[in-house]
There are 2 protein chains.
Amino acid sequence: MGEILSANSIEGVVRKDVPERVISRLPIYLQTVETIAATGQATISSEALAARSGVSSSILRKDLSQLGRSGRRGVGYSCEDLASTLRTFLGLDRARSVAIIGAGRLGSALADYAGFKRRGLSLTAIFDTDEAKIGTVIGTLPVSDLTELATWPEDIDLVVMAVPASAAPAAARIAAEAGVRGILNFAPTVLDAPDSIRVHQVDLASELQVLAYYSALDSAPLNPGFEEHRN
Amino acid sequence: MGEILSANSIEGVVRKDVPERVISRLPIYLQTVETIAATGQATISSEALAARSGVSSSILRKDLSQLGRSGRRGVGYSCEDLASTLRTFLGLDRARSVAIIGAGRLGSALADYAGFKRRGLSLTAIFDTDEAKIGTVIGTLPVSDLTELATWPEDIDLVVMAVPASAAPAAARIAAEAGVRGILNFAPTVLDAPDSIRVHQVDLASELQVLAYYSALDSAPLNPGFEEHRN
DNA sequence: CCCTGTGAACGTGTTCACAGCC
DNA sequence: GGCTGTGAACACGTTCACAGGG
């Protein structure tokens with residue numbers, strides 16, 4: 001045991017509990033540093049890496065320092081080492097298997113996303129409940145019946161949920177029973193899932209509505225005088 | 001640099017400055033309360049609305065209190081009034097116009113998303129640079145040449161970017177020059193845009209990598225005694 | 001008595017500034 | 001001199017608990 005521990009640092013140091021905010025930035029750093037490594041550059045400073053990742057250099061250093069010492073003072077971070085540290089820390093050294101539920105337009109489009117393998121993920125299966133779709137091929141994978149998820153021969157770690165809101169809760173229940181550990185939910189509905197399963201929401205309309213708020217903000221004042229509402 | 005632009009101090013309009021965290025939850029409340037209103041229920045308590053939105057009741061009350069008084073003590077919130085307050089606050093009372101850039105599989109799938117109008121958004125145009133795609137029809141909209149965005153007759157408030165990472169920066173520049181106020185970027189690359197434009201990132205692989213981290217976390221038993229390492 | 005609205009306490013995340021090592 | 005790593009200061013977000021109107 002303790003693979004996870006040794007993963008983070010060479011000297012058997014601690015795995016402090018790393019806040020989710022930090023975790024959510026690591027994939028960005030990973031992607032940036034991989035891009036830089038691909039150009040042949042051997043090292044990069046926190047300043048430069050932060051700028052290209054859209055964060056401040058101090059937060060980048062704080063974040064990376066939580067994975068154990070990974071940079072060298074006076075030099076910067078080794079691109080290769082850092083990429084490898086990040087991959088290991090995120091658990092991507094062995095590819096995580098992903099299934100897509102929903103073989104409609106969105107599911108098909110996401111399945112086509114070329115970057116799975118390159119980013120430590122392996123698309124293992126696509127499920128649907130629609131008999132007309134089952135058996136058709138998307139990319140290289142045939143669409144399987146969702147009921148087969150429960151007895152699927154390979155472990156499925158993560159699910160991308162690309163079904164209508166009405167179908168999402170039932171599909172989530174099936175995924176949870178099959179032992180899936182995380183769901184990325186594109187359906188515009190809050191899923192309540194057991195604690196064993198982690199759900200992240202991606203809602204096109206909600207994201208656009210937030211942007212709409214800010215777009216309205218500086219072009220036209222709304223609600224004049226709403227300040228005064230106090231009681 | 002840090003995309004943390006302060007959206008408060010713009011154009012002289014000083015409104016009580018509502019934190020982004022709060023703004024990002026409002027669309028969820030809106031959707032939940034609309035669903036409840038559709039069942040005919042007239043009022044709802046903070047407790048119930050919070051549970052169905054996946055937040056705590058105290059945070060819901062704090063959030064809503066920032067939009068002015070919207071509930072009634074002893075009773076709860078009027079579903080209709082609250083929905084209307086939220087829509088107005090988010091600037092959705094007049095539909096915000098959205099364009100999609102990228103008429104590939106993802107762009108087409110997103111264009112098909114039925115909920116635009118219902119959620120205060122109006123899909124106005126779809127752009128691409130590929131001549132083979134220009135002129136084809138997606139849903140009810142023809143695909144237009146991206147160069148036309150600059151002189152598009154209708155105002156375009158928001159853009160959904162559904163192009164490969166390599167094409168995203170150039171497309172973002174065109175959008176920025178056309179006066180677009182917000183970009184929802186599905187391309188897996190950090191866009192740096194002028195301050196006048198707000199960029200939100202949706203990255204399939206990054207989201208899955210975060211889920212991968214947590215899935216690895218508790219499937220492996222935690223190191224016994226790891227508590228003690230905390231300092 | 002019910003349920004919102006809110007100050008005050010608490011906890012978490014970010015920035016600052018510099019010590020420490022290259 | 002350059003750049004990381006990190007405590008300490010600061011800012012922000014959440015929860016608590018209760019005052020106060022219905």
Side-chain angles (χ1 to χ4, degrees), chain A residues 8-11 13-14 16-26 28-29 33 36 41-79 81-82 85-86 226-231, chain B residues 1-9 16-26 28-29 33 36 41-79 81-82 85-86 210 230-231:
Chain A
N8 312 349
S9 88
I10 311 155
E11 292 143 305
V13 186
V14 207
K16 304 195 298 194
D17 124 66
V18 178
E20 173 158 9
R21 274 290 176 84
V22 176
I23 301 295
S24 72
R25 285 188 292 256
L26 300 184
I28 305 167
Y29 305 154
V33 79
I36 290 161
Q41 191 176 328
T43 64
I44 187 157
S45 71
S46 63
E47 198 73 50
L49 181 53
R52 301 203 35 184
S53 303
V55 301
S56 71
S57 65
S58 48
I59 212 164
L60 180 116
R61 290 199 302 275
K62 264 257 155 76
D63 287 353
L64 294 186
S65 74
Q66 301 208 37
L67 324 191
R69 269 178 226 75
S70 43
R72 283 167 60 180
R73 300 180 198 217
V75 179
Y77 299 88
S78 151
C79 293
D81 288 358
L82 180 54
T85 302
L86 287 168
F226 105 102
E227 276 304 350
E228 278 84 328
H229 290 311
R230 314 304 295 269
N231 61 345
Chain B
M1 305 269 120
E3 202 62 40
I4 309 114
L5 62 128
S6 50
N8 26 342
S9 61
K16 190 169 162 203
D17 146 50
V18 179
E20 173 159 7
R21 274 290 176 85
V22 176
I23 301 295
S24 72
R25 286 187 292 256
L26 300 183
I28 305 168
Y29 304 154
V33 78
I36 290 161
Q41 191 176 328
T43 64
I44 186 157
S45 70
S46 63
E47 198 74 50
L49 181 53
R52 299 203 36 184
S53 302
V55 301
S56 72
S57 66
S58 48
I59 212 164
L60 181 115
R61 291 200 300 276
K62 263 258 156 74
D63 287 353
L64 294 186
S65 75
Q66 303 209 36
L67 325 190
R69 287 168 317 207
S70 42
R72 282 167 59 180
R73 300 177 199 220
V75 180
Y77 299 87
S78 151
C79 294
D81 288 359
L82 180 54
T85 302
L86 287 168
V210 173
R230 293 176 49 242
N231 64 343

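Every heavy atom of this structure was used, including side-chain atoms; hydrogens, water molecules and symmetry mates were not. Every chain is numbered from 1, with letters handed out A, B, ... down the list of sequences.
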CA sep, side-chain torsions, deciding dist, call: V55(B), Y29(B), side-chain contact (heavy atoms from CB on, under 4.5 Å): CA-CA 10 Å; V55(B) 301; Y29(B) 304 154; 3.9 Å; yes
Integer-rounded Å distance: [N] [atom2] and [X] [atom1]:
X      : N       : atom1 : atom2 : value
I23(B) : dC12(D) : CD1   : C1'   : 15 Å
Q66(B) : dC12(D) : CD    : C1'   : 12 Å
L60(A) : dT15(C) : CG    : P     : 12 Å
D63(B) : dC12(D) : CG    : C1'   : 14 Å

Shortest non-hydrogen contact from I44(B) toward C79(B): CG2-SG, 4.1 Å
Atom of S24(A), atom of V210(B) and distance for their closest heavy-atom approach: CA-CG2, 3.7 Å
Close side-chain approach of R69(A) to S65(A), heavy-atom, < 4.5 Å: no
Contact check, side chains of S78(A) and R72(A), non-hydrogen atoms, under 4.5 Å: no
Nucleotide-resolved protein contact map, nucleotides 1-10 of chain D, B/S/- at heavy-atom distance under 4.0 Å: -BBBBBBB--
side-chain contact (heavy atoms from CB on, under 4.5 Å) assessment of I59(B) paired with S56(B): CA-CA 5 Å; I59(B) 212 164; S56(B) 72; 3.5 Å; yes
side-chain contact (heavy atoms from CB on, under 4.5 Å) between L60(B) and E47(B), worked out: CA-CA 8 Å; L60(B) 181 115; E47(B) 198 74 50; over 6 Å; no
Touch class at under 4.0 angstrom, heavy-atom based, for S57(A) against every strand present: nothing
side-chain contact (heavy atoms from CB on, under 4.5 Å) evaluation trace for Y77(A) with I36(A): CA-CA 12 Å; Y77(A) 299 88; I36(A) 290 161; over 6 Å; no
So which protein nitrogen or oxygen atoms get under 3.5 Å of nucleotides 9-12 of chain C's nitrogens or oxygens?
none

